[in-house]
Undergrad: 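Just passing along the structure, written as structure tokens.
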Amino acid sequence: MSMRSIRIGRLAGIPIGVQPLWVVIVALITFSLGAVYYPDRVSGIAPAVAYGLGLASALLLFASILLHELGHAVVARRHGVEIEEIDLWLLGGVARMKGYPETAGDELRFALAGPGVTLAIAALFGAIALALPSSAPGGLRAVIEYQAFINATILVFNLLPAFPLDGGRVARALIWGRSGDLTRATAVAASIGRGFGWGMIAFGLIATAAGALGGIWLAVIGFFVIAAAKAEEGGLRIRTAFEGREAARFMSFPAVTVPAGTSVEDAIEAFFVRHRYSAFPVLDGERLVGLIDLAAVERVAADRRPSTTVAEVAFHEPALVVDEHQDVAELLERPAFQRVGRAIVLTAGGEIGILSITDVNRALRALSMTRATISADGSNRK
């Protein structure tokens with residue numbers, strides 16, 4: 001499950017969020033530029049001005065990254081792929097898409113859209129830097145030259161064939177187009193990506209040992225590339241296994257529900273301890289209020305639990321309430337499900353089930369052991 005992002009607005013109709021760790025990288029970039037880059041580039045600059053320009057540069061950098069991800073998102077949306085959101089996080093940004101491209105050509109267009117935007121941004125700042133008169137303030141010139149340099153660096157790095165970086169997605173599209181097999185193309189691209197990831201880690205550690213502390217970041221990115229390549233390959237395997245399968249076939253049924261008026265303190269003993277599940281649907285009569293999980297319970301101070309009802313702390317996420325015919329592969333790709341790890345399933349008869357990542361993993365293990373598909377009338381209803 002991924003970290004919950006904080007929604008900050010919309011751009012071109014697409015929700016934009018930032019993850020808490022994004023603040024960390026902004027602070028690190030600000031400090032690095034304010035302590036080293038601007039004092040070196042602008043003689044006599046005051047520390048407050050240097051750090052102010054460092055913060056402005058960090059925010060401009062992430063604005064560029066946001067536009068890069070928007071390029072991916074807009075092209076994907078034009079080809080029928082729904083965009084859930086764009087997230088800014090510790091190592092950059094990501095456009096979260098619902099589904100996969102239909103063809104190798106679509107994959108190629110999606111992959112190149114972001115770098116195309118970054119190329120335009122780097123060219124724009126480079127042109128401005130060349131056009132600046134010699135009388136331009138040193139701070140302004142340093143800001144513009146930094147943006148041209150960092151965007152060009154991001155462009156080159158992002159086009160490495162290290163799946164799931166954009167260059168790796170380009171490689172997958174080309175392999176897919178030649179072989180006609182998305183699964184094989186993903187496996188090959190992921191293998192190449194892991195190779196690049198281990199190379200980044202090795203080079204980063206060697207550079208760090210030689211005194212270049214920036215090598216630490218390269219090693220961190222290498223770990224990310226390895227993990228992300230594995231996740232992408234596994235995600236496609238799961239999608240292939242569950243595509244066309246309905247939620248009713250895999251859900252835990254019937255779900256144990258908690259009355260809305262139950263206090264948090266009573267719910268701990270009567271439900272979380274007794275049934276040993278980590279989340280329960282909350283009902284007010286027959287009306288679904290939302291979902292209560294252990295994280296929500298833990299956020300309530302111990303002295304407030306007797307007087308706080310589960311309805312007050314339950315969360316309701318429309319994307320996590322589905323009907324029994326919901327395609328499981330599509331549900332698994334929803335950022336909300338990836339974050340929470342479960343969804344409420346409503347049956348035609350008005351009853352409630354729960355589909356959790358545990359249910360999915362159990363079914364996937366069975367599939368991998370039998371190397372067979374689950375029969376059309378198969379179910380794990382309880």
Side-chain angles (χ1 to χ4, degrees), residues 1-3 19 21-22 24-25 28-29 32 61-62 65 68-69 72 87-97 100-101 104 107-108 110-112 114-115 118-119 149-179 181-241 332-333 338 357 361 364-365 368:
M1 293 176 288
S2 60
M3 184 178 294
Q19 294 190 4
L21 287 177
W22 174 77
V24 174
I25 191 63
L28 287 174
I29 294 172
S32 175
L61 168 59
F62 275 96
I65 291 172
H68 174 107
E69 297 302 330
H72 289 305
D87 268 356
L88 299 177
W89 66 300
L90 183 65
L91 295 180
V94 59
R96 302 190 185 278
M97 304 180 189
Y100 281 73
E107 168 82 320
L108 186 61
F110 299 172
L112 290 176
T118 301
L119 174 61
F149 167 77
I150 197 64
N151 276 281
T153 301
I154 289 173
L155 175 65
V156 172
F157 180 80
N158 213 24
L159 286 177
L160 291 175
F163 187 79
L165 297 180
D166 290 335
R169 293 190 180 278
V170 169
R172 180 173 75 165
L174 296 176
I175 297 168
W176 181 11
R178 184 171 181 176
S179 68
D181 187 340
L182 174 58
T183 301
R184 179 175 177 274
T186 301
V188 172
S191 295
I192 297 172
R194 286 192 292 270
F196 269 92
W198 285 115
M200 291 176 194
I201 292 170
F203 188 80
L205 293 178
I206 292 171
T208 302
L213 295 181
I216 294 175
W217 280 109
L218 186 60
V220 169
I221 293 172
F223 277 113
F224 159 74
V225 168
I226 292 169
K230 181 179 179 181
E232 286 274 352
E233 189 175 11
L236 182 61
R237 181 167 59 93
I238 291 173
R239 177 177 181 262
T240 301
L332 294 175
E333 290 169 358
Q338 294 171 7
I357 195 65
N361 286 334
L364 188 63
R365 287 178 65 187
S368 64

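If you read the sequence from its start, that first residue is 1, and numbering goes on from there.
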Undergrad: So Arg237 and Leu364, do their side chains get closer than 4.5 Å, heavy atoms only?
TA: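 They are in contact (side-chain heavy atoms under 4.5 Å apart), so the answer is yes.
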Undergrad: Carefully, step by step, assess Asn151 and His68 under the rule side-chain hydrogen bond (donor to acceptor under 3.5 Å, both in side chains).
TA: CA-CA 10 Å; Asn151 276 281; His68 174 107; over 6 Å; no
Undergrad: With a 4.5 Å cut-off on side-chain heavy atoms, are Phe157 and Ile221 touching?
TA: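 In contact.
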Undergrad: Donor-acceptor pair, Thr118 side chain versus Leu155 backbone, under 3.5 Å?
TA: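 Checked: no pair found.
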Undergrad: Show your working on side chain to side chain contact (heavy atoms under 4.5 Å, CB included) between Ile357 and Gln338 and close with a plain yes or no.
TA: CA-CA 9 Å; Ile357 195 65; Gln338 294 171 7; over 6 Å; no
Undergrad: Find out whether Arg172 and Thr186 are in side-chain contact, i.e. whether some heavy atom of one side chain is under 4.5 Å from a heavy atom of the other.
TA: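 Answer yes - side chains close enough.
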Undergrad: What are the two closest heavy atoms between Leu205 and Ala219, and how far apart are they?
TA: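 It is CD2-CB, 4.4 Å.
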Undergrad: Kindly indicate, with the supporting measurements, whether the criterion side chain to side chain contact (heavy atoms under 4.5 Å, CB included) is fulfilled by Leu332 and Ile238.
TA: CA-CA 9 Å; Leu332 294 175; Ile238 291 173; 3.2 Å; yes
Undergrad: With distance as the sole test, does Thr208 use its side chain to make a donor-acceptor pair with the main-chain N or O of Gly204 at under 3.5 Å?
TA: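 Between the backbone of Gly204 and the side chain of Thr208 there is a qualifying donor-acceptor contact (under 3.5 Å).
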Undergrad: Where do Gly168 and Ala189 come nearest, in terms of heavy atoms and distance?
TA: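 What the structure gives for the nearest pair is O-CB, 4.1 Å.
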Undergrad: How far apart are the C-alpha atoms of Leu108 and Val170, what are their side-chain angles, what is the distance that settles it, and do they pass the side chain to side chain contact (heavy atoms under 4.5 Å, CB included) test?
TA: CA-CA 5 Å; Leu108 186 61; Val170 169; 3.8 Å; yes
Undergrad: Do Phe62 and Ile29 come within less than 4.5 Å of each other through their side chains, counting heavy atoms only?
TA: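 SC-SC contact between Phe62 and Ile29 confirmed.
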Undergrad: Determine, for Arg169 against Glu232, whether the closest basic-nitrogen to carboxylate-oxygen distance falls under 4.0 angstrom.
TA: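 A salt bridge links Arg169 with Glu232.
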Undergrad: Just grab all the ring pair (Phe, Tyr, Trp, His ring centres under 6.0 Å) pairs involving residues 193-213, residues at least two apart or on different chains.
TA: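 For residues 193-213, and leaving out neighbouring residues, there are no ring pair (Phe, Tyr, Trp, His ring centres under 6.0 Å) pairs at all.
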Undergrad: Between His72 and Leu112, is there a side-chain heavy-atom distance shorter than 4.5 Å?
TA: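 No - every pair of side-chain heavy atoms lies 4.5 Å or more apart.
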Undergrad: Using 4.0 Å as the upper bound for N to carboxylate O, is an ion pair formed by Arg194 and Glu233?
TA: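 Here Glu233 pairs with Arg194 in a salt bridge, since their nearest N and O are under 4.0 Å apart.
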Undergrad: State, yes or no, whether a side-chain contact exists between Val188 and Ile192 at a heavy-atom distance under 4.5 Å.
TA: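 In contact.
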Undergrad: Just wondering, do Thr183 and Thr240 contact through their side chains at under 4.5 Å, heavy atoms?
TA: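 Yes; the side chains approach each other to less than 4.5 Å.
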Undergrad: Taking it one step at a time, do Val94 and Arg96 satisfy side chain to side chain contact (heavy atoms under 4.5 Å, CB included)?
TA: CA-CA 6 Å; Val94 59; Arg96 302 190 185 278; 3.9 Å; yes
Undergrad: Does the separation of the ring centres of Phe224 and Trp89 fall below 6.0 angstrom?
TA: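 Centroid separation for Phe224 and Trp89: below 6.0 Å.
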